Amino acid sequence: MNNVNMRDNEELKTSISFIEQFITDDLKDGKNEGKVVTRFPPEPNGYLHIGHAKAICLDFGMAKKYGGKCNLRFDDTNPVKEEVEYIDSIKEDIHWLGFDWDDREYYASDYFGKLYDFATGLITRGLAYVDDQPADLISAQKGTPSQPGTESPYRNRPVNENIDLFERMNKGDFDEGSRVLKAKVDMTSPNMHMRDPIIYRIIKSPHHRTAGKWKVYPMYDFAHGQSDYFEGVTHSLCTLEFEVHRPLYDWFIDQLKEDDYRPRQIEFNRLNLTYTMMSKRKLLELVREGKVRGWDDPRMPTLCGLRRRGYTPEAIKRFVDLIGYTKVEAINDVSLLEHAIREDLNMRAPRVFGVLNPLKVIITNYPEGKVEDVELINNPEDETMGSRFVPFSREVYIEQDDFIEDPPNKFFRLAPGKEVRLKGAYIIKCEGFKKSELSGAIEEIYCTYDPDTKSGGKASDKKVKGTLHWVSSQHAVDAEVRLYDRLFSHEDPSGQKEDDYRKFLNPDSLKILTGCKVEPSLSAAKPLEKFQFQRLGYFCVDYDSTESKLVFNRTVPLRDTWGKINK
RNA sequence: UGUCCCGUGGUGUAAUUGGCAACACGUCUGAUUCUGGAUCAGAAGAGUUCAGGUUCGAAACCUGACGGGACAACCA
């Protein structure tokens, strides 16, 4: 699909998501004084992944589309799991995607004071109490989804006693786990979250922003909706699993609000990708256990991993746009993501020659020592990218796969007696080859070239079926190429009850090729620069790359209909 | 045995809010090509989980089944 068609499609796209429907309805009803405020609320306990990109595109996208604002708010209510390192990476990744929050950078920890006061107010109104029971007892009293809970013996503790205990909890008078503050809602509610939820617990680890100021920290349910309220958020968009939390979200807002305004929680489906695992906790395990080379390992679904792999923000946003927002728990095919990056890179990646598994071809009738600079188009999809000159000589490397001694039917490449074009240069004919007697491996190919067939020349209209990429051996630059395949061999690696996801790790997810040969124009390539290695795929310079040693990551191979036929 | 959410080609989404199911990915043909890519033309593939009901007319509304998911962390 070219650019023009893409634009047409977007214009033709008339449907809007159910979320957007809610927003436009609210606007029509004159709610929130016609304002739209959203927020993206990551917990700084890990790196952002492509699932977050889906949320980011929605949160920032809706705000932008309706002339509103989107806040970045770090949901940092649990100091034991959170680190500054993550805050920095999250900001970097959002910016990389192309979104910005200006000065609206907030932290749930900014509201610790307000939340504490609100909790105290609830106590005063008899709507919260300190529970001295151990965790397992409190949990047992909650009942089960099908059985109602029972009330804590501390449920009707006097207000002043609750106030005193809560204050002392925060001073550090009590051990972690010894007491909690709970909201007094309804122990018999069919919704588990309404059964006197814990709203504060004692944590003595220092917080990355407030250090040792607090000994008591609010739970998610007690912080999120209220933070939305404090910030004037109108539409609080989150994933489906928070649906059952909504009554509690609303309950707290009911206790808090002093006017007509209230934030509205709307839930959409989380992104699931085949052969991919999105759980931050499990991704962290992969990193810690050394199953991958870090958060930005190009096999990771993290934004930094995808970036290193060679993905562009445009492709990710395009992908997100294609999958949509619904309430159906869907599993998206990775091939759609791959389609998105191919579509993008096809338009913008310069074409180059790179030989992954070199096989030397000697053109016996080509003068020794002669070098011709042949002109090659940088990108047939985009004339403005111009052309470049690539040296051609008597000895070139081609891909080992491009020669077969005894070829199958319809094999258009090189074989004894067969002719192919070396792209941009000449048509050559295979006259012979050298084979290792020991291993049977092909060591060299001997060809002759037809001087009348130079590309662009007058007599160059001779047709051959196959065209090969090549690199002049004396001019070739050495490179390491890292080939990536899916990290897991199972479509849904973390969804198997019986089996741990580690069982499905694909042992061939990374292949490192060290003897690769690339054309000399690549010698100055810098990390993150993207290319199409012709006939092979899209490649991106890795951070490990240096002037003396080039390293490329394969982002995604080209579609390969021939490879499919021959499987 | 509870509450809430969801069921549309293989996959993901649409269906102008009740007017005889569309698009994208994928798959398969053919054309074209100095990338077995891209591009172009085309094909196959669902009668909307099922059964009732309302209606001139239902994927959509109602009822009931069936199937899937979420909820019992002092995580978010």
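Model, not experiment: these values are computed from the prediction. The sequence lines fix the lettering, A, B, ..., with proteins before strands; numbering per chain opens at 1.
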Q: Return the orientation label for the A/Y111 and A/F230 ring planes: parallel under 30°, perpendicular over 60°, tilted otherwise.
A: tilted
Q: Quick one: sort the A/F392 and A/Y426 rings into parallel, tilted or perpendicular, breaks at 30° and 60°.
A: tilted
Taking atom [atom1] in both [N] and [M], what distance in whole Å separates the two?
| N | M | atom1 | answer |
| --- | --- | --- | --- |
| B/U16 | B/G30 | P | 39 Å |
| B/U13 | B/G18 | P | 23 Å |
| B/A24 | B/G64 | P | 39 Å |
| B/U54 | B/C62 | P | 15 Å |
| B/C28 | B/A65 | C1' | 39 Å |
| B/A72 | B/C66 | C1' | 26 Å |
| B/A14 | B/U48 | C1' | 12 Å |

Q. Should the heavy atoms of other residues, nucleotides or ligands under 6.0 Å from NZ of A/K204 be counted, would the total exceed 12?
A. yes
Q) Between A/L336 and A/E243, who's closer to the 5' end of RNA chain B by nearest nucleotide? A) A/E243
Q) When you match A/D131 and A/I331 each to their closest nucleotide on RNA chain B, which lands nearer the 5' end? A) A/I331
Q. When we call it a touch if two heavy atoms are under 4.0 Å apart, what does A/G537 touch: a base, just sugar-phosphate, or nothing?
A. nothing
Q: Look at all strands and tell whether A/P134 reaches a base, only sugar-phosphate, or nothing, counting heavy atoms closer than 4.0 Å.
A: base
Q. Strictly by modelled atom types, are A/D333 and A/S335 linked by a side-chain donor-acceptor pair under 3.5 Å?
A. yes
Q: State whether a side-chain donor-acceptor pair under 3.5 Å links A/Y47 with A/E85.
A: yes
(Q) Which heavy atom of A/Y311 sits nearest to which heavy atom of A/I341, and what is that distance? (A) CE2-CB, 3.4 Å
Q.
Any residue in residues 38-58 of chain A with a heavy atom nearer than 4.0 angstrom to RNA chain B? Just list them by number, or reply none.
A. A/E43
Rounded to whole Å, how long is the line connecting atom [atom1] of [X] with atom [atom2] of [N]?
| X | N | atom1 | atom2 | result |
| --- | --- | --- | --- | --- |
| A/N332 | B/G26 | CG | C1' | 13 Å |
| A/N378 | B/U35 | CG | C1' | 14 Å |
| A/R413 | B/G37 | CZ | C1' | 13 Å |
| A/D250 | B/U3 | CG | P | 20 Å |
| A/R195 | B/A73 | CZ | P | 11 Å |
| A/L240 | B/C5 | CG | P | 11 Å |

Could you tell me whether the phosphate oxygens of [N], OP1 or OP2, come under 4.0 Å of any side-chain nitrogen or oxygen in [X]?
| X | N | answer |
| --- | --- | --- |
| A/T77 | B/A76 | yes |
| A/T326 | B/G12 | no |
| A/R559 | B/A38 | yes |
| A/R201 | B/A76 | yes |
| A/N269 | B/U13 | yes |
| A/S139 | B/A73 | yes |

Q. Which pairs with one or both residues in residues 187-201 of chain A pass salt bridge (charged side-chain N to carboxylate O under 4.0 Å, His left out), sequence neighbours excluded?
A. A/R155-A/D196
(Q) Looking at the base of B/G36, is there any donor atom on it, or on the side chain of A/R535, that sits under 3.5 Å from an acceptor on the other one? (A) no
**Q.** Side-chain-base donor-acceptor pair under 3.5 Å for A/Q147 and B/U1
**A.** no
Q. Does B/A76 have A/Y220 stacked on its base, where the ring centres are within less than 5.5 Å and the planes differ by under 30°?
A. no
Q: Establish, yes or no, whether the cationic atom of A/R157 lies under 6.0 Å from the six-membered ring centre of A/Y129 and within 45° of the ring axis.
A: no
